[in-house]
Amino acid sequence: MSTTTKAAPIVHTPDFMNGDEFRIPVFKLLKQDGSPYKNAKLPDLDKDKALRIYRAMLFTRVLDERMLAAQRQGRLSFYMQCIGEEASVIGSTAALDDEDMIMAQYREQGALAYRGFDVDEFMNQLFGNEHDYGKGRQMPVHYGSSKLHYMTISSPLATQIPQATGYAYGQKMAGQGHCTITIFGEGAASEGDFHAALNMASVHRVPVIFLCRNNGYAISTPAHEQFSADGIAPRAFGYRMKVIRVDGNDILAVYQATVEARKLAVEHNQPVLIEAMTYRLAAHSSSDDPSGYRSKKEEEAWRDKDPVLRMKLWLQEKGWWSDDDEKREQESLRRDVLEAMKRAEKREPPELDTLVSDVFDEVTPILAGQLDDLKAHIRKYPEAYPKGAKSLNGKDAGGAKHA
Amino acid sequence: MPKMNMLQAINDALDIAMAANDKVICFGEDVGIFGGVFRATSHLQEKYGRDRCFNTPLVEQGIVGFANGLAAQGSTPVAEIQFADYIFPAFDQIVNETAKFRYRSGDLFNVGGLTIRAPYGGGISGGLYHSQSPEAYFAHTPGLKVVVPRNPHQAKGLLLGAIRDANPVLFFEPKRLYRASTGEVPEEDYELPLGQAEVTKEGDDITLLAWGAQMEIVEKASELAEKEGISCEIIDLRTIVPWDVETVVESVLKTGRLVVTHEAPLTGGFAGEIAATIQQRCFLYLESPIARVTGLDTPFPLTLEKEYMPDHLKVFEAIKYSINY
């Protein structure tokens with residue numbers, strides 16, 4: 001049995017290689033003014049789909065602006081913006097079947113918006129109220145939706161990447177023609193889980209798309225301190241995986257690259273790595289201030305490459321969108337977001353019993369006992385535990401149901 | 001009833017699980033055509049094909065990450081970690097992902113179909129890295145069930161129970177017993193319940209509690225004790241999480257004395273958790289302090305393994321100390 005997949009040529013001088021032999025091009029279709037490059041063949045994207053994409057981009061941007069403001073006002077504990085990366089996230093999602101699985105990192109709210117997660121669903125999670133699908137257990141932006149095939153976000157970085165390989169293996173076994181896309185940053189790609197995932201996907205021929213948002217920074221650490229190679233793309237060679245580098249701010253390029261990647265994945269069981277070159281215009285999170293590690297000048301240069309503006313200009317050139325449409329949409333989105341925020345803030349917190357449910361499929365006797373003890377304690381000191389006391393007052397005084 | 005050793009019983013359980021449900025998929029390092037380094041997965045690839053039983057690259061975090069995703073998708077993965085000593089690269093996937101998948105999503109998603117099998121424990125001259133008993137690390141993480149069988153019959157029934165349980169299960173197999181422990185094992189498909197201890201011998205004077213390979217040790221110690229007129233009740237905990245408090249409490253209320261033994265080191269070992277709970281529940285009934293007979297608070301040794309091990313003589317001494325307290 002050979003130890004490599006190819007017979008190696010033999011040489012007689014000790015020459016070393018470092019990968020610089022490969023030059024990875026960047027796939028682009030649209031210029032920043034919204035016009036196509038000469039010789040660029042644009043993907044077949046109809047008006048309805050184009051507007052669905054654009055509306056998801058606008059919604060994401062309005063949501064991000066409003067929610068960061070809400071965080072600054074002290075109404076929300078934490079927030080993370082997608083600003084600058086909307087095309088990478090939404091363009092790739094739009095290229096998939098709506099039932100393909102998405103396993104994202106945390107900055108991909110645009111994907112959910114595109115799939116139809118509504119503004120109240122966003123708000124309920126952000127405020128961790130009784131209607132939050134995650135029952136108020138995770139920090140803001142940790143969305144999930146089983147009906148929209150969007151895996152609940154997990155804070156530890158890169159853990160979703162090998163999970164995507166496993167999920168997609170199950171889809172391959174099920175044979176219904178679906179795939180999984182996993183989205184992550186260039187920083188997460190340093191984690192061992194990334195390498196494990198790509199190797200296993202390639203060895204086991206799994207229909208999974210790895211989309212790296214190379215946005216220049218992992219919190220404060222610039223890409224050049226993250227890796228010394230030419231970005232993330234060359235890593236695919238080490239796993240003999242198909243790879244493409246795309247302008248992540250070019251919605252049509254991201255869309256088309258992902259359409260082609262999906263064909264390779266679903267029709268040929270070939271995993272694909274897509275490196276989307278983009279820029280995190282926002283701070284890492286509401287707890288971060290980028291002025292300490294990068295220049296305004298650098299940010300401005302990327303602001304000029306705004307992916308949302310680029311798509312708008314293309315839509316206007318097609319005659320599918322006007323400044324009036326833009327104004328109306330923006331106003332209506334702002335109103336929707338503000339009203340939904342007010343509704344979400346007023347909702348009750350999750351019931352006290354949700355502290356111990358879902359640890360296992362059923363509440364174990366030990367957990368039921370711990371909940372009973374906690375309730376007795378809260379009844380003694382209700383002022384110290386206002387949310388728990390409120391939940392207890394509205395409910396019967398019994399313990400958790402258990403098997 | 002056929003006689004089997006523990007490996008054959010485990011292999012049989014996997015075979016039955018794969019035959020009964022085509023969503024059961026077995027994988028890990030060397031589990032394919034080779035059948036695993038201990039042969040627990042022998043012939044499964046031949047029978048069920050390379051899609052359902054296969055080698056993975058040598059990457060434990062990848063094996064468990066992959067298994068988490070596969071379970072979330074609705075399959076029933078049975079992932080093998082070649083030695084429990086090598087489970088730590090997967091610690092993040094197990095502790096932060098497997099254990100929290102259902103909770104963090106509010107039950108939108110779960111990895112309940114997942115079983116992780118790993119040979120564990122000493123007594124095979126394996127030294128530091130082929131001997132450890134890591135059950136307490138995982139017992140400290142809510143959301144994981146932890147199961148350890150003591151013999152072939154138990155191994156088959158508990159493994160089938162684990163694979164079909166609606167929660168992720170870590171199934172630690174006492175590798176010292178793989179070939180050493182033989183016994184009658186029913187041919188048919190049967191499950192033993194998780195979360196239930198078993199009283200394997202009734203007695204009046206003292207309760208001996210163990211799991212896995214330590215069950216042999218307490219049985220030997222009880223034989224020595226019986227010769228001195230001490231009547232021992234023996235309990236196999238079987239499931240470490242969620243553990244069967246009531247069965248142990250009931251026994252200790254009767255005997256008034258408890259010895260707990262495990263191979264893992266003393267400090268932070270699961271015996272400490274048991275002792276704390278039992279003293280709380282049985283305080284006024286205890287005739288003597290609860291004794292723990294465990295490994296030392298050292299890495300697992302090689303040449304001096306026999307000295308390190310909590311063997312029957314150490315358990316016997318603990319029994320006498322408790323009785324004479």
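Chain identifiers are assigned alphabetically (A, B, ...) following the order of the sequence lines, protein sequences preceding nucleic acid strands; residue numbering begins at 1 within each chain.
Using a 4.5 Å cut-off between heavy atoms, B:Pro142 touches chain A through backbone and side chain atoms alike. Only the backbone of A:Tyr150 comes within contact range of chain B, judged by heavy atoms closer than 4.5 Å. For A:Ser155, no part sits under 4.5 Å from any heavy atom of chain B, backbone or side chain. The contact between A:His204 and chain B is made entirely by side chain atoms (from C-beta outward), counting heavy-atom distances below 4.5 Å. With a 4.5 Å cut-off on non-hydrogen atoms, A:Met101 touches chain B through its side chain but not through its backbone. No part of A:Ile161 comes within reach of chain B, as not one of its non-hydrogen atoms sits under 4.5 angstrom from that chain. Of the two parts of A:Ala201, neither the backbone nor the side chain holds a non-hydrogen atom closer than 4.5 Å to a non-hydrogen atom of chain B. Heavy atoms closer than 4.5 Å to chain B are found nowhere in A:Thr180, neither backbone nor side chain.
Separation of the B:Phe54 and A:Tyr169 ring centroids falls under the 6.0 Å cut-off.
In this structure, the side chain of A:Tyr167 does not engage the main chain of B:Gly74 through any donor-acceptor pair within 3.5 Å.
Heavy-atom proximity under 4.5 angstrom to chain B picks out A:Tyr133, A:Gly134, A:Lys135 from residues 112-136 of chain A.
The residue among B:Lys23, B:Arg50, B:Arg102 with the most heavy atom pairs within less than 4.5 Å of chain A is B:Arg102. Residue with the most contacts toward chain B among A:Thr165, A:Thr354, A:Thr159: A:Thr159 (heavy-atom pairs, distance under 4.5 Å). Between chain A and the options B:Gly112, B:Ser75, B:Ala72, the largest number of non-hydrogen pairs under 4.5 Å is found for B:Ala72. Among B:Asp107, B:Asp22, B:Asp51, B:Ile25, the residue with the largest count of heavy-atom pairs under 4.5 Å with chain A is B:Asp51. Per-residue counts of heavy-atom pairs under 4.5 Å with chain A were compared for B:Leu108, B:Thr56, B:Asp165; the largest is that of B:Leu108. The candidate with the highest count of non-hydrogen atom pairs below 4.5 Å against chain A, out of B:Val64, B:Asn167, B:Ile63, is B:Asn167.
When all heavy atoms are compared, the tightest approach of B:Pro57 to A:Val203 is CG-CG2, 4.2 Å. Among all heavy-atom pairs drawn from A:Ala196 and B:Gly62, the shortest one is CB-CA, 3.6 Å. Between B:Gly106 and A:Arg137 the shortest heavy-atom distance is CA-NH1, 3.6 Å.
Side-chain contact check for A:Gln163 and B:Glu97: at least one donor-acceptor pair (N or O, by modelled atom type) lies under 3.5 Å.
Once rounded to the nearest 0.5 Å, the distance linking CD of B:Gln93 with CG of A:Asp193 reads 4.5 Å. The structure places OG1 of A:Thr152 at 11.0 Å from CG of B:Asn110, a figure rounded to the nearest 0.5 Å. In this structure, A:Ser145 OG and B:Phe109 CZ are separated by 6.5 Å, a value rounded to the nearest 0.5 Å. Taken from NZ in B:Lys100 to CG in A:Asp358, the straight-line distance is 14.0 Å, to the nearest 0.5 Å.
Looking at heavy atoms from C-beta onward, B:Trp243 lies in side-chain contact with A:Ile366 at the 4.5 angstrom threshold. Residues B:Arg104 and A:Gln138 form a side-chain contact, since some pair of their non-hydrogen atoms from C-beta on lies under 4.5 Å apart.
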